[in-house]
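So the structure is just underneath, and the comments pick up after that.
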Amino acid sequence: MLRSHTCGELRAEHVGEEVTLVGWIDTIRDHGGLRFIDLRDRYGRTQVTLSPETIDGAELTSLRSEQVLQVTGRIQSRPDGMKNPRLLTGEIEVIATVATLVGDCPALPFDFAGGDLVNEELRFQYRFLDMRRPEVQRRFQLRSDLQHQLRNHLHEKGFIDLETPMLTKSTPEGARDFLVPSRLNPGELYALPQSPQIFKQLFMVAGFDRYMQIVRCFRDEDLRADRQPEFTQLDLEMACVEEDDVIEVLEGLMAHVVKALTGQEVETPFRRISYDEALLKYSSDAPDLRSDLEIFEMSDLAEDLGFKVFSGAVEAGGAVRGVRVPGAAEWSRKQIESLEAIVKNQGAGGLAWMKRTEDGLAGPVARFCEGDGGTQLVERSGLQVGDLCYFVADRSKRVVINSLSFLRKELAQKLGHIQPGALEFCWVTEFPLFDEDEATGSPVPCHHPFTAPHPDDLDQLESSPLKVRARAYDLVLNGFEVGGGSIRIHQRDLQERVFEAIGLSPEEARSKFSFLLEALKYGAPPHGGIALGIDRLVMILAGDDSIREVIAFPKTQRGTCQLTGAPTHVSDQQLEEVGLRVADPPKPASSQVSGDETGDSTQQ
RNA sequence: GGGGAAGUAGCUCAAUUGGUUAGAGUCCCGGCCUGUCGAGCCGGUUGUUGCGGGUUCGAGUCCCGUCUUCCUCGCCA
């Protein structure tokens, strides 16, 4: 070993020992003759003292941050008053007798001490440097600990860890697939899995009645702060279960990992909220229960109020909804109206409001509240003296919901409802089995086509499919969907009915999912499961706003990797080997010319 | 595909209604300094203001285009 100890383990009890450390130079405090170096590694920081009395510093003239230094010396108790209580190793220092620069480093491309404030583009370009920072190391330690705890707990509960293919079959439903050409089968392509969904169902048929896997999934869709094209799921599936069984396992799992990682007790069972209630009260299918702000419906009052903006929206098939903000009547007009930008950003025309003071109602909406509608509005909103109400009206219900969702988030923040470290879990249940495809009007699976319909709604599967509820459940934490699952269909005939409802002919269904349909014939037990988004979970537990922070080498919003430059063009030979031709070959650099078929004059 | 924000020194930022030589902190380089821990003090270097065009006597600032990054709608079974 090139070191005897790490930079985080030396204490007063080691005084007198000779040790050798290897670490990065964190900071240097140069007093001319005497130099102090904080040597840093994954485990901590230790002060190394270079004194002319103990070491010949002639060869150590150009010490700089982030060089790798190997130091041998004796541990000494720091003189009184020189101890650093903020450092675990602050009682001692290493009096260096030998110091070797084992890894040089040029001036850094970004400010190491700048924290996460440094340009993300630059940090991810130099991610290997960025990840050296203690706050980044903590995130990945947390990530590792989480995965360890998840596996351990599930292992104890009898789950078996099984793997599924990465090169698999494209299924046109759901997200866009990432495709991989097959050299041995020219013109044919694999797809990377969007999830191991069907495979884990086959495990159930195979009798592995409790399966789990921490697995990478791929979806070729646009990116967001909480969405990357490749992401990690904790996937699990159980046979012979109903909703409550899966939910109970997950609640135990969450309580266990949160306790193990943060020491916090999580109260179980989690609240269950129906999809409809979530969308109305919290304006989101992933309610953030850290705030108790609630949205209320008032479309029915619009006509009575006589406010054209409201009634017009409702008549056009939209909605008017409001939210009461306790104690906000004292906000300045400017402050109140500053939030309008948030809803406008979601497509709303504006943000109406009304406040109630000792003198009565005031604000733009107040003058429409003199009649019966106004009385009802005040009653329904619960508007008290000192409160404010915001209203959003739009001809599109979706715009209203999206606007209020963002508004609620901002208000919760502004009112101080969002406490650091708070973890509020809930289940969202009773999802519809299908959504309506906006283009065609036909039903598309809300979750995926293997989700079991609610038994009470089975008779409506053909007659009014959009009314059928699913046996699906989402796990929500602090306003993020961190997991989603369902009880699956385990009878072949029901599976075929669902395929038919989404417009898949028996032939199509067979060509796409023959292996599943086949398996369901051969003794499939009832089963269900869930998948958790590991990246999102870690992000929330780490207190971050983006999953990029907890992914070692994330992609930019355009799906590129700042570090490697992926994706790239490949050689014609590589393409030929896999039997592919690029339809629109790369244009020569710095050429504005559109595809010029003569190809001769593209130089100019 | 749509909406929004940002891009000025290696880094983080500033620069009045368009105005003269684009500044500060930090990093870096040099000097001083034996008890610091964000060490201190003194001095110094650093710019195609993302790129291309335009308006103007004059553009970091205004206009058009474009690139990059971020947020977001759609999309994400």
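Labels below follow one simple rule: chain letters A, B, ... track the order of the sequence lines, proteins then strands, and each chain is numbered from 1. Quick caveat: nothing in here was measured; it's all calculated off a predicted structure.
- Distance check on atom P: G52(B) versus A59(B) gives 15 Å, rounded to whole Å.
- Applying the side chain to side chain contact (heavy atoms under 4.5 Å, CB included) rule to V205(A) yields the partners A519(A), A524(A); only residues at least two apart in sequence or on another chain are considered.
- Nucleotides U12(B) and G31(B), compared at atom P, are 29 Å apart to the nearest Å.
- G58(B) is unpaired under the criterion used here, namely a Watson-Crick or G-U wobble arrangement in which both key atom distances are under 3.5 Å.
- S486(A) comes within contact range of no nucleotide atom at all, as no heavy-atom separation falls under 4.0 Å.
- Distance check on atom P: C33(B) versus U17(B) gives 49 Å, rounded to whole Å.
- For the pair K409(A) and F406(A), the cation-pi criterion (under 6.0 Å, within 45° of the ring axis) is fulfilled.
- Between K555(A) atom NZ and U68(B) atom C1' the separation is 18 Å, expressed in whole Å.
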Can you name the atoms? Protein N/O to nucleotides 34-37 of chain B N/O, anything below 3.5 Å, with the distance.
from   : atom 1 : to     : atom 2 : distance (Å)
U34(B) : OP2    : H31(A) : O      : 3.4
U34(B) : N3     : E53(A) : OE2    : 3.3
U34(B) : O4     : E53(A) : OE2    : 2.8
G35(B) : N1     : E93(A) : OE1    : 3.4
G35(B) : N1     : E93(A) : OE2    : 2.9
G35(B) : N2     : E93(A) : OE1    : 2.9
G35(B) : N2     : E93(A) : OE2    : 3.0
U36(B) : O4'    : H31(A) : NE2    : 3.1
U36(B) : O2'    : R29(A) : NE     : 3.4
U36(B) : O2     : R29(A) : NE     : 2.5
U36(B) : O2     : R29(A) : NH2    : 3.2
U36(B) : O2     : Q47(A) : OE1    : 3.4
U36(B) : N3     : Q47(A) : OE1    : 2.9
U36(B) : N3     : Q47(A) : NE2    : 3.1
U36(B) : O4     : Q47(A) : NE2    : 3.0
U36(B) : O4     : R78(A) : NH1    : 3.2
U36(B) : O4     : M82(A) : O      : 3.4
C37(B) : O4'    : R29(A) : NE     : 2.9
C37(B) : O2     : N84(A) : ND2    : 3.0
C37(B) : N3     : R78(A) : NH1    : 2.7
C37(B) : N4     : M82(A) : O      : 2.4

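- At a threshold of 4.0 angstrom between heavy atoms, the contacts of F406(A) are confined to the sugar-phosphate backbone, with no base atom among them.
- The residue R548(A) sits close only to the backbone: its heavy atoms come under 4.0 Å of sugar-phosphate atoms, none of a base.
- Comparing A24(B) with A14(B), their P atoms sit 16 Å apart, to the nearest whole Å.
- In this entry U66(B) has G50(B) as its Watson-Crick or G-U wobble partner, both defining distances falling under 3.5 Å.
- Computed from coordinates, the R176(A) CZ to G74(B) C1' distance equals 11 Å when rounded to whole Å.
- For the ring-ring contact (aromatic ring centres under 6.0 Å, His included) test, no residue two or more places apart in sequence or in another chain qualifies with F178(A).
- Ring geometry, F110(A) versus F112(A): the interplanar angle falls under 30°, so the pair is classed parallel (tilted spans 30 to 60°).
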Tell me which donor-acceptor pairs under 3.5 Å the side chains of residues 476-485 of chain A have, and how far apart each pair is, sequence neighbours excluded?
from    : atom 1 : to      : atom 2 : distance (Å)
N478(A) : OD1    : E424(A) : N      : 2.8
N478(A) : ND2    : A422(A) : O      : 2.9

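- Under the ring-ring contact (aromatic ring centres under 6.0 Å, His included) criterion, F431(A) pairs with Y275(A), not counting sequence neighbours.
- At least one side-chain heavy atom of L50(A) sits less than 4.5 Å from a side-chain heavy atom of I37(A).
- Taking atom CD on Q125(A) and atom P on U68(B), their separation rounds to 15 Å, with Å as the unit.
- Protein atom CG of L122(A) is 17 Å distant from nucleotide atom P of U68(B), rounded to whole Å.
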Could I get a table of every N or O pair under 3.5 Å where one atom is in the protein and the other is in nucleotides 3-8 of chain B?
none

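- Between C37(B) and C27(B), the two P atoms lie 14 Å apart (nearest whole Å).
- Nucleic acid contact for N119(A): sugar-phosphate only, since backbone atoms but no base atoms lie under 4.0 Å from a heavy atom of the residue.
- With rounding to whole Å, I25(A) atom CD1 is found 11 Å from C28(B) atom P.
- Looking at the side chain of T556(A), the nearest of the listed nucleotides C73(B), C33(B), C70(B) is C70(B).
- Screening residues 546-558 of chain A for salt bridge (charged side-chain N to carboxylate O under 4.0 Å, His left out) gives E120(A)-R548(A), R123(A)-E549(A), R139(A)-E549(A), E230(A)-K555(A) as the qualifying pairs, with residues at least two apart or on separate chains.
- Base pairing of U34(B): no nucleotide in any strand meets the Watson-Crick or G-U wobble criterion (both distances under 3.5 Å).
- Summarising the geometry, the separation between CZ on F480(A) and C1' on C76(B) is reported as 15 Å, rounded to the nearest angstrom.
- Summarising the geometry, the separation between CD on E66(A) and P on C27(B) is reported as 13 Å, rounded to the nearest angstrom.
- A side-chain donor-acceptor contact under 3.5 Å links Q194(A) and D177(A).
- Comparing the same atom, C1', in U72(B) and in U36(B) gives a spacing of 48 Å after rounding to whole Å.
- Near RNA chain B, defined here as any heavy-atom distance below 4.0 Å, the residues from residues 216-229 of chain A are R219(A), E221(A), D222(A), R224(A), A225(A), R227(A), listed numerically.
- For A316(A), the side chain to side chain contact (heavy atoms under 4.5 Å, CB included) partners at least two apart in sequence or on another chain are R395(A).
- Residues that satisfy the side chain to side chain donor-acceptor pair (under 3.5 Å) test with T232(A), not counting sequence neighbours, are R143(A), R216(A).
- With sequence neighbours excluded, no residue forms a ring-ring contact (aromatic ring centres under 6.0 Å, His included) with H454(A).
- If you measure from atom CG of L404(A) to atom C1' of C73(B), you get 16 Å, rounded to the nearest angstrom.
- Nucleotides of RNA chain B nearest to Q557(A) and G174(A) differ in position, and the one nearer the 5' end is that of Q557(A).
- Here, C73(B) and G47(B) have their C1' atoms 39 Å apart, quoted to the whole Å.
- Pair assignment for U8(B) gives none, since no Watson-Crick or G-U wobble pairing has each distance under 3.5 Å.
- The shortest side-chain heavy-atom distance between L517(A) and F499(A) falls under the 4.5 Å cut-off.
- Residues that satisfy the side chain to side chain contact (heavy atoms under 4.5 Å, CB included) test with E518(A), not counting sequence neighbours, are R492(A), K521(A), Y522(A).
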